[in-house]
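Heavy atoms only: backbone and side chains are in, while hydrogens, waters and symmetry mates are out. Given the structure is predicted, the values throughout are model-derived calculations rather than measurements.
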Amino acid sequence: MPSRRPDSTVRRSGSKRTAALAVGALLGALSVTALPTTATAAAKLDNPYAGAKAYVNPDWSAKAAAEPGGSAISNQPTFVWLDRMAAIQGTADARGLKAHLDAAKAQGANLVQLVIYDLPGRDCAALASNGELGPDDLATYQSSYIDPIATILADPAYASLRIVNLIEPDSLPNLVTNAGGTAGSTTQCATMKANGNYEKGVGYALHKLGALPNTYNYIDAGHHGWLGWDSNLTPAAQEFKKAATTNGATVSDVTGFIVNTANYSATKEPYVKVTDTVNGQTVRQSKWIDWNQYDDESSYAQGLRTALVAQGFDSGIGMLIDTSRNGWGGSARPTGPGPTTSVDAYVDGGRIDRRIHAGNWCNQSGAGIGERPTTAPDTGIDAYVWAKPPGESDGASQAVANDEGKGFDQMCDPTYTGNARNGNNLTGALPNSPLAGHWFSAQFRQLLANANPPLSGSGGGGGGDTQAPTVPGGLTVGTTTSSSVSLSWSASTDDTAVTGYDVYRDGTKVGSATTTSYTDSGLSASTTYKYTVKAKDAAGNVSASSTEVSATTKASSGGGGSTGLKAQYKNNDSSTGDNQVKPGLKLVNGGTGAVDLSKVTVRYWFTGESTSAGYQTFCDWAQLGCSTVKTSVSAVSPSRTGADHYLEVGFTSGSLAAGADSGELQLRMAKADWSNFNESDDYSRGANTAYADATKVTVYVSGALVWGTEP
């Protein structure tokens, strides 16, 4: 098994696919679906997890079920680790690849998850998960590891199975941070960067496995505490592109990327955001965040996804997040923000991730089971998965003789006082741990006890809660466009706490929300949909469905509605990568009556790259007078393709006569920290330098959309 750790010294700098959203709406959990009955290969899906019943590894499941309370999770799908050549045929402790595929068919599963993990010179910065092949054994990797796997997967008997391959954890991230010039670098990583065998091996695996019609390759992409800094994120995306175009591979061989593999970083930090400030000081200055642009995996996955698209990966690239051990529940879990006495007190008091340092990766004390495997939980995220099977050790706490090529890494020793990669802190590792990949009962029991959301019936935090929340009331349809419907409802109550709401379209779950509103996008124009909402609590109890409501999307003409209003736009700044956005806007009244401007708002949709502590807006010149123009920036939740924020323009007063226009509005916005934008994927941005009708700039009268199409 790999060990996930950053180089904490090398990181400072001074859409979701539309089709996948529609497909991903078919499934809320991995284990509920009808299956194909024939063994014929289907066309590749945008999101292989949509409509999938994932394979439960019987070898892992039996060990989990044998532990007290383990039956609460023993039916969850986990990845199968092919971490040495012997694992392909099977060992005394675990079945081989063909036997797993046969078992998947016997279960009625149609998706199997594999970790491809045996590169030459594997895991060059951590001894615990070093492998069997030397730095120059590329030919052996190709002929004796990848080729046999591909041969088995190509068997027509398995054509009905979707095969998700997690490609080589740790490898490419190590080339970004640990291959020379930093305190965390190793000679082994420098060797692998020089000989190119990580890139050649990954490229070969992508090409060979990607050629099969039923395979889906996800490249490992570290985690936010490894690659989240400015100096690492873009170089990482460039490194991934290089590997994906090496040794026969192309970007089309890549379905997506996975973050947090076998690590402990929180999926979401509800009480600490990198945009927060304490007494005027950004929390990015805290010791824990240390100027990182991200503090959780959801925001990192979205930021990395933007960087990957900029490097030439498909704009619909999907992300996976390993949530197997990042729940961080139990009595130590914060219930709100930390004190505002200092940025460190605020961050340390409110962060869900309770590790001593984000560089600690081995068998972490206090960790808990995280979110259960779930399909399409957020925009751009194909699934939450359990890549690291809970209960399998990250590495031994002391040297153990073995024939698996696994060495002793001091980061697994709880008495070790650290190195440059964890800020010379204690490791936070559990004592008495076995070799990487071997069963670690004490860790498994801790994970159950600290699970979040808690596990009902595990003996570890369910609390015996069996009461479901009340039914959400007052479900109401708000704004509709040709491709989206906005919904809102009244909050439910619970005997403990309501943790969120699931939204269903025509009886199928399409998404979740933690607030009492949700926008369903990617819809067809002029189509009627039916919606219900259910509330859920921390113990997994779910309410009955709300009263059903119907909503009909607008026609796709993009016209200005009955008011006759429309927006025109021109680009006042040709650069896509500087620190300001400068849209020029006009309102045109093509209707037959005057329009009260105080009721009109205009939205320019863009992506903020999740890097800012806020936004500043400016009116540089307006024919109406900047004193009558008001501007603000709002976040889009959940984010949409090409937009996670919008610039909203309103007016304090005035009237726009029939046939008249507002004249030019020269607007400008910047991030509070004056960092650069990446406008290349912004929804509303155009290249035209003269005013023209802009259907991607939307206009509203009294909150109702009258012009344009929202993203």
Side-chain angles (χ1 to χ4, degrees), residues 1-11 123 125-129 170 177-178 182-186 222-226 228-229 260 262-266 269 272 285-292 295-296 325-334 338 342-368 370 388 392-400 406-436 440-447 449-450:
M1 296 293 158
S3 312
R4 307 300 293 174
R5 69 267 154 303
D7 176 345
S8 57
T9 64
V10 181
R11 50 229 201 307
D123 214 347
L127 298 174
S129 46
D170 291 341
T177 61
N178 300 329
T182 72
S185 297
T186 70
H223 52 87
H224 86 273
W226 192 345
W229 284 266
N260 205 46
N263 200 55
Y264 299 86
S265 298
E269 286 283 4
V272 179
Q285 293 180 248
S286 67
K287 292 179 181 178
W288 174 261
I289 298 177
D290 194 19
W291 294 103
N292 201 320
D295 71 341
D296 61 29
R325 304 183 304 176
N326 66 351
W328 295 105
S331 60
R333 183 180 175 90
S342 69
V343 289
D344 285 323
Y346 178 81
V347 171
D348 290 339
R351 59 182 168 92
I352 298 302
D353 187 337
R354 305 312 298 167
R355 285 177 293 176
I356 298 170
H357 189 275
N360 287 350
W361 53 263
C362 193
N363 300 324
Q364 290 297 284
S365 177
K388 174 73 169 182
E392 293 188 1
S393 174
D394 294 322
S397 55
Q398 58 186 353
V400 177
K406 297 168 183 174
F408 168 56
D409 196 301
Q410 287 183 296
M411 289 299 292
C412 299
D413 177 359
T415 67
Y416 179 52
T417 55
N419 55 37
R421 287 193 292 278
N422 82 329
N424 298 109
N425 286 282
L426 286 169
T427 65
L430 291 168
N432 304 314
S433 58
L435 281 173
F440 190 8
S441 178
Q443 183 207 52
F444 183 82
R445 298 183 188 197
Q446 171 197 266
L447 293 172
N450 292 334

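Under the 4.5 Å side-chain criterion, counting only non-hydrogen atoms from C-beta, D409 is not in contact with Y416. When side chains are defined from C-beta on, I289 counts as touching V272, because their heavy atoms get closer than 4.5 Å. The closest side-chain heavy-atom distance from Q285 to W291 is below 4.5 Å. By the 4.5 Å heavy-atom criterion applied to side chains, R354 and Y264 are not counted as neighbours. Using a 4.5 Å cut-off on side-chain heavy atoms (C-beta onward), L447 and F440 make no contact.
R351 places no side-chain N or O within 3.5 Å of a backbone atom of A266 that could act as its donor or acceptor partner. Side-chain atoms of Q398 do not come within 3.5 Å of backbone N or O of D413 as any donor-acceptor pair. Side chain of Q443 to main chain of S441: no donor-acceptor pair is present (N/O by atom type, distance under 3.5 Å, no hydrogens or angles). Remark: the backbone N or O of S393 is not paired with any side-chain donor or acceptor of S433 at under 3.5 angstrom. Looking at W229, its side chain does come within 3.5 Å of a backbone N or O of D290 through a donor-acceptor pair. With hydrogens and angles disregarded, no donor-acceptor distance shorter than 3.5 Å links the side chain of N326 to the backbone of N263. Using modelled atom types, no side-chain atom of T427 and backbone atom of C412 make a donor-acceptor pair closer than 3.5 Å. When atom types are taken as modelled, the side chain of N360 and the backbone of L426 share a donor-acceptor pair closer than 3.5 angstrom.
Looking at every heavy atom in both residues, I352 comes nearest to P334 through CD1-CD, 4.0 Å. Residues H223 and S265 come closest through the heavy atom pair ND1-OG, 3.8 Å.
Here the straight-line distance linking atom NE2 of H357 with atom CD of Q364 works out to 11.5 Å at 0.5 Å rounding.
For the side chain to side chain donor-acceptor pair (under 3.5 Å) with R325, the lone residue among N363, N450, D394 that qualifies is D394.
Look at K287 and D348 and you find no salt bridge, because none of the NZ, NE, NH1 or NH2 atoms lies under 4.0 Å from a carboxylate O.
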